[in-house]
Amino acid sequence: MRVSVAGVTVRFGAVAALSRVDIDVAAGERRAVIGPNGAGKTTLLNVIAGELRPTEGLVHLGEQDATPLPAWRRARLGLGRTFQRSTLFDQLSVAENVTLAVRARLHGGWRFWPARERAVNTEVQGRLEAGGIAHLARRRAAGLGHGERRILEIEVALAAVPSALLIDEPMAGLSGAERRLTLERLQALPEDVTVVIVEHDLDAVFALAQRISVLDHGVKIADGTPAEVRANPRVQEVYLGAI
Ligand SMILES: Nc1ncnc2c1ncn2[C@@H]1O[C@H](COP(=O)(O)OP(=O)(O)O)[C@@H](O)[C@H]1O
Ligand SMILES: [Mg+2]
């Protein structure tokens, strides 16, 4: 699903968190959004997801003008997301967290239906294996390490079978080994899923993204292929040559 914002401005009082931002992500594209803290990256994801109404501008999901739609309607259109803050059910096991997400997708209801339950269990097992967390199936989410939680959050989001997925800083706070695992998982996402990822780990960004958009103080200062963005003098300035 194509994801685009056009002319989006978000003001919080005197602060413009985003100023006339245009970003157009093609169906199936891997897009990274980078920029210093406070640049407006999370605000952009909130605008796309419908958590936040822009002061000005439009949001399109596929061909549909999603600007007036609440978050749950956008989710129905196939938009998934993971949050900077965790949204797992801590008291439930890893497998139960994924099971709830699969059941929600199947409009589960509460009626027990053995054939469907078997299909759900098979799917859950497959998803846990895809995330490399099958060995943690019975563990309570509360007992997971930080990296394991992040992977589980991604699997929970994927269990909705989204057409587009917004991911906010999946690598934040992870160890080197966990970063590699998370990167591998992100690289193995289904090709037809559009991915918009906010991330500070530039190695991961350059490994993953087909295009990169750069925000600084709410303004999009660059947008292009990894090579174009790397060569952009304004981007180099913002990142003090770290790129
Ligand atoms: N709910 C809010 N109320 C007021 N200001 C906010 C709110 N959310 C974000 N901001 C401000 O908007 C700017 C962009 O924030 P954010 O999108 O979180 O940046 P990033 O994710 O790039 O670090 C910051 O100056 C931040 O303080
Ligand atoms: Mg943020």
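Index from 1, following the sequence. Counting starts at 1 for both ligands and their atoms, following the listed order.
With V47, V33, T43 as candidates, the residue nearest to atom 17 (O) of ligand 1 on a non-hydrogen basis is T43.
Ligand-side atoms of ligand 1 in range of N37: 23 (O), range being under 4.0 angstrom from any heavy atom. Numbered from 1 in the order shown, with element, the atoms of ligand 1 that lie under 4.0 Å from a heavy atom of A39 read 19 (O), 20 (P), 22 (O).
Ionic pairing of R234 and E237 is not present here: no N-O contact between side-chain nitrogen and carboxylate oxygen is shorter than 4.0 angstrom. Salt bridge annotation for K220-D22: absent, with no cationic side-chain nitrogen under 4.0 angstrom from a carboxylate oxygen. Contact check on D223 versus R31 returns a salt bridge, with a Lys/Arg side-chain nitrogen under 4.0 Å from an Asp/Glu carboxylate oxygen. A salt bridge links E123 with R127: the distance from a Lys NZ or Arg NE/NH1/NH2 to an Asp or Glu carboxylate oxygen falls below 4.0 Å. Using a 4.0 Å cut-off between charged side-chain N and carboxylate O, R185 and E155 make a salt bridge.
Put simply, T43 stays out of reach of the Mg ion (ligand 2), with no N, O or S atom under 2.8 Å from it.
Among the atoms of G38, some N or O lies under 3.5 angstrom from an N or O of ligand 1. Between V15 and ligand 1, a contact under 3.5 Å exists for no N or O pair.
Side chains of R81 and N46: a donor on one and an acceptor on the other come within 3.5 Å.
The closest approach between a heavy atom of G35 and any atom of ligand 1 is not below 4.0 Å.
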